[in-house]
Amino acid sequence: MTILTPLKSALILAAVLFSGTALAERTLLNVSYDPTRELYQAFNQSFIAYWKDKTGETVSIQQSHGGAGKQTRAVIDGLEADVLTLALSYDIDQIAKQARLLPDNWQSRLPNNSLPYTSTIVFLVRKGNPKGIKNWDDLIKEGVSVITPNPKTSGGARYNYLAAWAFAEKQLGSAEAAKAFVKQLYKNVPVLDSGARGSTTTFVQRGLGDVLLTWENEAFLALKEFGEGQFEIIVPPASILAETPVAVVDKIVKKNETQDLAEAYLQYLFSPAGQKLAAKHFYRPYQPEHADPEDLKRFPKLEFFTVDKNFGGWHKAQKDHFDDGGSFDQIYVP
Amino acid sequence: MTQSNIMPGFRPALGFTLFYLALIVLIPLSAMLLKTMQLSLDEYGAILTNKRVLASFYVSFVSALIAAVVACLLGFVIAWTLVRYPFPGKRVFDALIDLPFALPTAVAGIVLATIYQPNGFIGQLLMQTFGVQVAYKPLGIVVALIFIGLPFVVRTIEPVLQEFDSAMEEAAASLGATRLQAFIKVILPNILPATITGFALAFARGVGEYGSVIFIAGNMPYVSEVVPLLIITKLEQYDYAGATAIGLTMLIVSFVLLLIINGLQWWVRRRSGQL
């Protein structure tokens with residue numbers, strides 16, 4: 001009897017495990033970019049509980065994270081994402097255009113232009129801010145080393161680049177001057193990583209550079225991970241509004257029979273609970289009234305440039321700046 | 001072919017070989033060719049003569065070449081030590097040589113970047129004593145490629161040295177040759193073909209290496225950007241044809257270089273009477 005009991009319970013456990021998979025619970029694959037990992041870990045738990053409460057169905061949600069460009073390409077090449085939560089609308093546009101997995105008007109299907117939360121680009125500097133970096137023009141000073149990823153491969157890096165450009169264009173008055181400014185800035189960049197997380201590692205772990213240009217949420221995360229004793233966040237008076245949209249992938253959800261689930265999942269991002277979680281994980285929620293006031297205190301007010309207003313939308317920005325032969329390639333001509 | 005053999009016979013064996021080659025090599029390569037053919041000759045030419053692409057080819061091939069030469073020298077010393085001298089823990093060292101084969105290259109890259117970065121363990125030392133920065137410079141690429149290439153050299157030279165009859169050395173010595181003469185006239189010609197093979201393997205691997213390099217290279221356009229990174233960059237811009245065009249060119253260049261190296265090896269082998 002005493003020997004048999006553990007054996008029996010093991011058998012029962014095995015039976016439960018197998019029957020669990022045999023029931024084929026529905027799963028949702030959320031393909032996202034790097035810095036959202038922690039947000040969606042918390043959000044998924046909350047959504048699974050909410051869905052169970054509402055429908056009685058147990059679902060599981062898988063997350064896939066990586067550089068935004070890489071993730072987009074994976075979906076175009078056949079990664080079966082039910083929902084996308086990517087860094088730029090341009091990436092989802094590419095999935096609509098190249099793989100025809102969702103309609104071109106995807107961005108109009110959810111509230112607030114499919115933007116449950118936004119972010120911006122800030123500076124992370126070493127404790128005490130030894131180089132006295134306060135604004136974008138401090139980045140082009142002699143002897144200031146700037147860490148940012150490669151805009152050709154990283155969505156965050158494109159925001160960094162455009163923010164510096166928009167600042168210079170406003171300050172100096174012309175696109176020519178802005179180009180010279182950005183060229184000067186990239187002269188101060190010693191390493192180009194391929195994604196935002198890589199750059200954070202370079203700055204935080206390898207101790208390279210005086211300032212890291214990064215997502216506001218990523219800067220807060222770095223601060224949380226490595227303690228407030230080592231780094232400081234500097235928010236410039238003006239920066240770019242980083243609009244990170246979400247979308248259901250029509251063709252995949254139809255095939256996986258997850259349409260209702262996928263839609264409810266994204267709607268839940270816009271609900272009070274979703275908004276609260278976004279703010280908690282350092283994203284600026286679109287309805288701040290639902291967030292904890294404590295969380296909101298962390299977001300200082302600043303002037304925002306936007307890709308639409310300052311650059312005529314992502315397609316134009318991509319073509320002018322990041323496609324082959326664009327301004328990024330031009331400033332790198334030796 | 002009626003010759004009896006342990007294997008099931010010539011026909012099925014050849015059939016399998018061709019099938020395998022087609023599945024793993026020829027079909028993917030022709031897909032690559034087809035994709036590239038979406039481009040006109042002018043477009044293809046424009047991609048290849050782009051200064052940044054040319055610069056990355058230069059960086060990739062030159063650093064792979066330097067790394068392969070260094071790996072040959074170091075690899076020879078290691079192989080020699082392992083074969084000729086008994087010492088405690090020899091088997092452990094022998095097993096360690098293969099580690100770069102098994103290690104995910106990204107891990108190797110991260111580890112190398114960590115120790116060679118300017119405030120890293122070795123990087124700091126090099127910076128202070130020689131004022132040389134390794135990580136995030138082209139030199140970093142060479143270091144990563146030496147690390148990746150070394151086992152190829154050691155593993156090709158080692159068996160030849162093991163089989164090498166030391167009676168030949170003794171004969172040379174008894175005929176009055178100095179140690180240097182014995183080395184140059186007797187040992188070197190015998191291990192040269194194997195060394196060339198090791199060189200070719202290390203070089204070919206180095207040219208295509210991505211994982212370990214991108215962490216330590218710094219990835220600055222025109223300076224430390226390698227071809228595989230540029231291919232990834234093209235892919236991330238959804239420029240599939242451009243990416244395959246660079247890939248195909250790299251393949252052709254590498255293939256020609258390997259042919260030349262193989263020819264050289266054949267020539268050396270024939271000259272030293274090993275054929």
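FYI, side chains are in, hydrogens and waters are out, and symmetry mates aren't considered; it's all heavy atoms of this structure. Every chain is numbered from 1 and lettered A, B, ... according to where its sequence line falls, protein lines coming before strand lines.
Taking the six-membered ring for Trp and the full ring otherwise, F181(A) and W165(A) have centroids separated by 6.0 Å or more.
Note on R126(A) versus E232(A): no salt bridge recorded, every NZ/NE/NH1/NH2 to OD/OE distance being 4.0 Å or above.
Contacts of N50(B) with chain A are absent, with no heavy-atom separation under 4.5 Å from either backbone or side chain. Looking at K137(B), neither its backbone nor its side chain comes within 4.5 Å of chain A, counting heavy atoms on both sides. Contact of D324(A) with chain B is made through backbone and side chain together, with heavy-atom distances under 4.5 Å.
Per-residue counts of heavy-atom pairs under 4.5 Å with chain A were compared for V223(B), I110(B), D239(B); the largest is that of I110(B). Note: V333(A) leads N150(A), D193(A), V333(A), T201(A) in heavy-atom pairs under 4.5 Å with chain B.
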Where do N30(A) and T85(A) land on the side chain to side chain donor-acceptor pair (under 3.5 Å) test, with the steps shown first? CA-CA 7 Å; N30(A) 175 3; T85(A) 52; 2.9 Å; yes
Stepwise side chain to side chain contact (heavy atoms under 4.5 Å, CB included) test for L139(A) and V211(A): CA-CA 8 Å; L139(A) 304 181; V211(A) 53; 3.6 Å; yes
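For S224(B) against P138(B), the heavy-atom pair with the smallest separation is CB-N, 4.3 Å.
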